[in-house]
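One-based numbering, in listed order, for ligands and for the atoms of each. The figures that follow rest on heavy atoms only: side chains count, while hydrogens, waters and symmetry mates do not.
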Amino acid sequence: MVIILLLSLCIATKNYEVYGSMPNLYKSEDLALDEHLKALNKAPIKTIHTEYGRIVDCIDINKQLAFDHPQLRNHKIQLKSSIQDTKPEAMKRDKSTRYSNFGLNEKDSCPNGTIPIQRTTKEDLIRANNFGTLAQFDRGSHFAGLVMKHRIFFGIVGTINVYNPPVGDDQMSSAYIWLSSGVINSSMPNYVVIHAGWQVYPGMSGDNLTHFFISWENSIQHTGCTNMLCPGFVQTSQSIFIGAPVKNVSIYGGAQYSMSLNLTQDPNTKNWWLKAQDMDVGYFPAALFSNKLNFAMRVGWTGHTKVFVGGTSPQMGSGHIPDRNPRHSSYISKLYYKDRFRDDHIPLKDSVRVYADNPNCYNANYYGYVDNILQHAMMFGGPGGNCGL
Ligand SMILES: *[C@@H]1O[C@H](CO)[C@@H](O)[C@H](O)[C@H]1NC(C)=O
Ligand SMILES: *[C@@H]1O[C@H](CO)[C@@H](O)[C@H](O)[C@H]1NC(C)=O
Ligand SMILES: *[C@@H]1O[C@H](CO)[C@@H](O)[C@H](O)[C@H]1NC(C)=O
Ligand SMILES: *[C@@H]1O[C@H](CO)[C@@H](O)[C@H](O)[C@H]1NC(C)=O
Ligand SMILES: *[C@@H]1O[C@H](CO)[C@@H](O)[C@H](O)[C@H]1NC(C)=O
């Protein structure tokens with residue numbers, strides 16, 4: 001029963017869109033939601049009330065939701081990545097970047113052997129259940145970013161400055177790093193993808209804050225998920241939790257706050273480890289991807305907006321078309337990828353493709369080396385508006 005519920009949510013969230021106000025529930029639906037919540041929310045060892053009004057539970061690391069996934073039944077948890085830290089010198093020297101805080105405050109971090117998980121509420125599930133319904137009203141996604149493809153990749157790295165663009169209830173605005181393999185082919189889907197970054201998505205989070213988010217999808221098995229609404233991602237961090245609100249955001253023309261992200265495959269386990277702000281958050285187990293992510297075939301850095309029921313598209317990033325000025329433009333800086341030899345490389349201008357599907361609304365530009373703080377950076381964003389489908 002529980003598995004069916006979890007899997008059905010997995011499928012429902014495949015398009016990972018949420019939206020909607022609270023409908024009146026029939027009693028049977030209400031009971032089903034309660035049952036589902038019981039399956040999602042594991043027994044807390046410690047409970048924390050965050051300043052944002054949400055509850056975060058410290059739960060036993062070995063009893064986290066991920067292990068309810070059928071493919072992870074006999075999974076042996078990997079507590080630490082075995083990847084050698086070969087961070088380039090230029091990255092180690094950087095002391096000038098201001099990093100946003102997200103996750104638990106230091107004094108609140110979870111006890112050893114436990115991890116923080118935001119408690120899922122009935123409202124979260126009702127919004128999530130509307131994913132499927134709403135997906136058919138997906139009135140258009142827009143992207144502006146940088147992609148590298150037709151190669152073998154073992155990692156992608158970038159530092160994104162974080163904004164809090166105004167986003168309506170039926171809109172989404174985000175920026176992330178991503179990697180994928182396979183092709184989108186409706187007659188024979190074999191596409192797998194991982195995303196990590198920030199998003200403003202009231203239909204999902206129930207607020208207009210900027211949140212740290214992850215998502216993954218395996219179109220072969222019709223599974224996938226955003227954040228921790230269904231089993232998949234294995235969290236190891238005692239302080240950063242998935243879906244956490246980002247406390248410090250950039251101001252146009254003023255201070256810039258950043259989120260550094262590093263997604264790298266562990267050569268021994270083939271799990272994809274995610275680091276945020278230089279700390280291990282956890283990993284996407286290899287078993288989720290039907291052997292399709294033994295390496296990635298594409299990696300990218302992008303801004304993405306979405307609108308569901310029509311109308312105008314929201315701002316992307318800072319809301320301004322990139323002008324090379326780091327106080328004006330949203331950017332993903334310190335770009336690196338790991339090649340087939342697992343060495344870190346800076347993307348060369350002639351090996352990337354810059355894309356923006358509607359340059360009047362949003363644009364992207366790869367400037368190469370900008371300065372010693374940003375190093376190699378892609379800038380993106382724009383005001384949105386009537387951007388078409
Ligand atoms: C990303 O993290 C991996 C694993 O720790 C490390 O080997 C790599 O050097 C990091 N890349 C960058 C550019 O920091
Ligand atoms: C928790 O684990 C860390 C790292 O292993 C250790 O340094 C620390 O003393 C432990 N804390 C407690 C309260 O056991
Ligand atoms: C977010 O919502 C709050 C409360 O509804 C509102 O005061 C604030 O202006 C909103 N912020 C943005 C950026 O839309
Ligand atoms: C999609 O899959 C079908 C069935 O295997 C194949 O015939 C077709 O060529 C594929 N299309 C693309 C674009 O790969
Ligand atoms: C980040 O935001 C938090 C919470 O609002 C605040 O306490 C902290 O001082 C901010 N940090 C910086 C560096 O501005």
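The number of heavy-atom neighbours closer than 6.0 Å to CG of Asn268, taken from other residues, nucleotides and ligands shown, is above 12. A 6.0 Å sphere centred on CZ of Arg327 holds no more than 12 heavy atoms belonging to other residues, nucleotides or ligands.
Between Tyr176 and Phe213, the ring-plane angle classifies as perpendicular under the 30° and 60° cut-offs.
For a threshold of 3.5 Å applied to N or O pairs, the pair formed by Tyr257 and ligand 5 contains at least one separation below that value. Any N or O atom pair closer than 3.5 Å counts here, and Asn101 shares no such pair with ligand 5. Among the atoms of Tyr336, none of the N or O lies under 3.5 angstrom from an N or O of ligand 1.
For ligand 1, the atoms sitting less than 4.0 Å from at least one non-hydrogen atom of Asp344 are 8 (C), 9 (O), 11 (N), numbered in the order shown with element in parentheses. Listed by number with element, the atoms of ligand 1 under 4.0 angstrom from any heavy atom of Ile83 are 4 (C), 7 (O). Using a 4.0 Å cut-off to heavy atoms of Thr264, the atoms of ligand 1 that qualify are 1 (C), 2 (O), 3 (C). Short contacts between ligand 1 and Val157, defined as distances under 4.0 Å to a heavy atom of the residue, involve ligand atoms 11 (N), 12 (C), 13 (C).
Contact between Arg324 and Tyr367 at its shortest, heavy atoms only, is N-OH, 3.4 Å.
Counting heavy atoms from C-beta outward, Phe289 and Ser181 have side chains that stay 4.5 Å or more apart. Counting heavy atoms from C-beta outward, Ile45 and Asp60 have side chains that approach closer than 4.5 Å.
Distance from atom 10 (C) of ligand 1 to its nearest protein heavy atom, with residue and atom name: Asn262 ND2, 2.5 Å. Of the protein's heavy atoms, Gln84 O, 2.8 Å lies nearest to atom 7 (O) of ligand 1. When only non-hydrogen protein atoms are considered, atom 12 (C) of ligand 2 lies nearest to Asn112 ND2, 3.3 Å.
Side-chain rings of Tyr336 and His345 stay apart, their centers remaining 6.0 Å or farther from each other.
At least one heavy atom of Lys338 sits closer than 4.0 Å to an atom of ligand 1.
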